[in-house]
J.: 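My questions will all concern the structure given below.
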Amino acid sequence: MTSPPGGNDDGGSAAEPGRPERLVCARCGTSSEAPQLTWTCSVEHGARRDFCETCSRENLRSIEGRLDSDWW
């Protein structure tokens with residue numbers, strides 16, 4: 001099997017284009033070096049916002065109700 005031009009065979013996933021390597025929680029400011037499975041992502045007013053596990057858990061009902069984080 002051959003890779004497409006410019007591709008690699010290392011099996012690792014590259015960062016998504018336009019997505020920073022370092023995440024910062026939009027609510028409390030906690031940071032992470034890489035995307036975490038327990039973090040939540042939201043698009044509000046056209047801007048992507050990431051929330052850490054703690055803030056996501058504390059505001060789960062509001063997130064599921066699709067309320068903007070300004071309402072939390």
Side-chain angles (χ1 to χ4, degrees):
M1 176 187 230
T2 53
S3 298
N8 60 25
D9 287 328
D10 63 6
S13 60
E16 293 178 34
R19 177 134 193 216
E21 285 294 318
R22 182 173 198 81
L23 296 178
V24 177
C25 178
R27 186 137 182 96
C28 71
T30 299
S31 62
S32 173
E33 288 296 325
Q36 303 292 317
L37 292 176
T38 56
W39 282 46
T40 302
C41 153
S42 174
V43 177
E44 300 174 13
H45 307 289
R48 183 185 181 108
R49 300 182 74 183
D50 294 299
F51 299 99
C52 68
E53 179 179 7
T54 302
C55 290
S56 297
R57 286 179 182 266
E58 289 175 355
N59 298 289
L60 183 61
R61 295 188 131 214
S62 297
I63 292 169
E64 288 179 343
R66 300 182 182 259
L67 295 175
D68 282 348
S69 58
D70 296 338
W71 291 94
W72 309 352

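The basis for the numbers below is simple: all heavy atoms, side chains too, and nothing from hydrogens, waters or symmetry mates.
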J.: So, for D50 and W39, which heavy atoms are closest and what is the spacing to 0.1 Å?
T.: CB-CE3, 4.0 Å
J.: Can you tell me how far apart CD (E53) and SG (C25) are? Round to the nearest 0.5 Å.
T.: 11.5 Å
J.: Can you name the closest pair of heavy atoms from F51 and S42 and give their distance?
T.: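 For F51 versus S42, the nearest heavy atoms are CE1-CB, 3.9 Å.
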J.: Tell me, do C41 and R48 make a side-chain contact under 4.5 Å, heavy atoms counted?
T.: yes
J.: Considering non-hydrogen atoms only, spot the tightest contact between A34 and L23 and give its length.
T.: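 Smallest interatomic distance, heavy atoms only, reads O-CD1, 4.1 Å.
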J.: If you measure only the distance, is there a donor-acceptor pair under 3.5 Å linking the side chains of Q36 and T38?
T.: no
